[in-house]
Colleague: 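Have a look at this one before I ask anything.
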Amino acid sequence: KNEVEQSPQNLTAQEGEFITINCSYSVGISALHWLQQHPGGGIVSLFMLSSGKKKHGRLIATINIQEKHSSLHITASHPRDSAVYICAVRPFGNEKLTFGTGTRLTIIP
Amino acid sequence: KAGVTQTPRYLIKTRGQQVTLSCSPISGHRSVSWYQQTPGQGLQFLFEYFSETQRNKGNFPGRFSGRQFSNSRSEMNVSTLELGDSALYLCASSSSWGANTYYEQYFGPGTRLTVT
């Protein structure tokens, strides 16, 4: 079983819809990252969080440390949001970033 | 500020050869991490360097090695290439490093290595 599980694996939605991507992990962590990868490979770090909630534009990330769960929300989704979204965690006592398998998001105009 | 740069962007090698990939971090950043991305295994951590010292290493064979120079630039080397080493190799820089202290990572565009 992977230490980091993401759901769904694939998500197709209409432009304007509210999007939620989930990440569950099985170990205690110091930090969690949400990353965005567009076709071609470039990765952008969206959020790094260890508690609570962060917001940047139309993106919101939340984390519940007790439940070992994080969500990434996109409001008013747009075709340019189409990308793979990857969750990654830093386990306690092991600083190696461990990645989920990603969620492929497609927003249809 | 210029972003993280990686060279070369694309590379084709033959089994048994060796390869060296280069990463230049954002100016002022002192920590560099390397990752391998394959369709089968996804993203995996290779190593992390800070102040020319390897601070952490992933679960890869000894054929994978790296180093960091005094100007924070980093190289990774893969010897005796295997077909399974075909992957996108990404590096990321961050401003600093500290045990149990985490800094935002900024990723380069990657080097796509194909081993034939």
Side-chain angles (χ1 to χ4, degrees), chain A residues 1-10 21 23-25 27-52 54-56 59 61 63 65 70 83-104, chain B residues 3-6 8-11 21 23 26 29 31-50 53-60 64 86-114:
Chain A
K1 188 179 187 297
N2 290 336
E3 285 183 327
V4 183
E5 299 276 354
Q6 285 186 238
S7 64
Q9 285 190 304
N10 293 284
I21 299 170
C23 175
S24 296
Y25 49 92
V27 296
I29 67 168
S30 300
L32 182 144
H33 299 252
W34 280 103
L35 310 172
Q36 180 192 56
Q37 185 171 33
H38 279 283
I43 291 180
V44 174
S45 178
L46 299 174
F47 296 102
M48 181 180 67
L49 63 166
S50 55
S51 64
K54 285 190 176 181
K55 184 175 190 291
H56 185 256
L59 302 178
I63 188 168
I65 294 291
S70 175
V84 176
Y85 292 83
I86 301 167
C87 168
V89 302
R90 294 235 185 225
F92 278 131
N94 166 3
E95 294 155 15
K96 305 170 190 179
L97 207 53
T98 303
F99 298 87
T101 53
T103 294
R104 185 174 299 276
Chain B
V4 178
T5 58
Q6 292 188 244
R9 292 291 312 277
Y10 302 91
L11 202 50
L21 311 182
C23 172
I26 290 172
H29 282 196
S31 178
V32 172
S33 300
W34 287 91
Y35 304 93
Q36 181 198 63
Q37 187 176 35
T38 60
Q41 299 295 320
L43 270 163
Q44 294 183 281
F45 169 78
L46 277 159
F47 6 73
E48 183 171 31
Y49 287 90
F50 175 73
T53 302
Q54 187 179 90
R55 302 293 173 165
N56 224 330
K57 188 178 192 302
N59 299 323
F60 279 81
F64 291 81
S86 294
L88 180 66
Y89 290 89
L90 292 149
C91 86
S93 77
S94 53
S95 58
S96 190
W97 178 90
N100 297 319
T101 303
Y102 304 108
Y103 298 85
E104 193 69 63
Q105 295 214 321
Y106 298 82
F107 286 81
T111 293
R112 189 165 296 280
L113 172 65
T114 302

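Proteins get letters first, then strands, A, B, ... in listed order; numbering begins at 1 in each.
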Colleague: Are B:Q41 and A:T101 side-chain neighbours, meaning at least one heavy-atom pair lies under 4.5 Å?
Modeller: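 No, too far: nothing below the 4.5 Å cut-off.
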Colleague: What residues form a side-chain contact (heavy atoms from CB on, under 4.5 Å) with A:A61, not counting sequence neighbours?
Modeller: A:W34, A:F47, A:L49, A:L72
Colleague: Going by atom types alone, do A:S45 and B:E104 pair a side-chain donor with an acceptor below 3.5 Å?
Modeller: yes
Colleague: Using non-hydrogen atoms only, which part of B:Y106 is less than 4.5 Å away from chain A: side chain, backbone, both, or neither?
Modeller: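 Neither part; nothing is under 4.5 Å.
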Colleague: Kindly check if the number of other-residue, nucleotide or ligand heavy atoms within 6.0 Å of CD (B:Q54) is above 12?
Modeller: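 Above 12, so yes.
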Colleague: Under 3.5 Å, side chain of A:K96 to main-chain N/O of B:K57, donor-acceptor pair present?
Modeller: yes
Colleague: Which atoms of B:L43 are under 4.5 Å from chain A, going by heavy atoms: the side chain, the backbone, both sets, or neither?
Modeller: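 The answer is both parts of B:L43.
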Colleague: Which answer fits B:Q37, side chain, backbone, both or neither, if we ask what part of it has an atom under 4.5 Å from a heavy atom of chain A?
Modeller: side chain
Colleague: Using 0.5 Å steps for rounding, measure from the CD atom of B:E48 to the CG atom of A:L97.
Modeller: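 It comes to 8.5 Å.
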Colleague: What are the two closest heavy atoms between B:F107 and A:L35, and how far apart are they?
Modeller: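 Closest pair (atom of B:F107, atom of A:L35, distance): CE1-CD2, 4.0 Å.
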Colleague: Got a sec: does the CG of B:N59 have more than 12 other heavy atoms crowding it under 6.0 Å?
Modeller: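 Open.
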Colleague: Distance check, rounded to the nearest 0.5 Å: B:Y35 atom OH versus A:F99 atom CZ?
Modeller: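 Interatomic distance, B:Y35 OH to A:F99 CZ, rounded to 0.5 Å: 5.0 Å.
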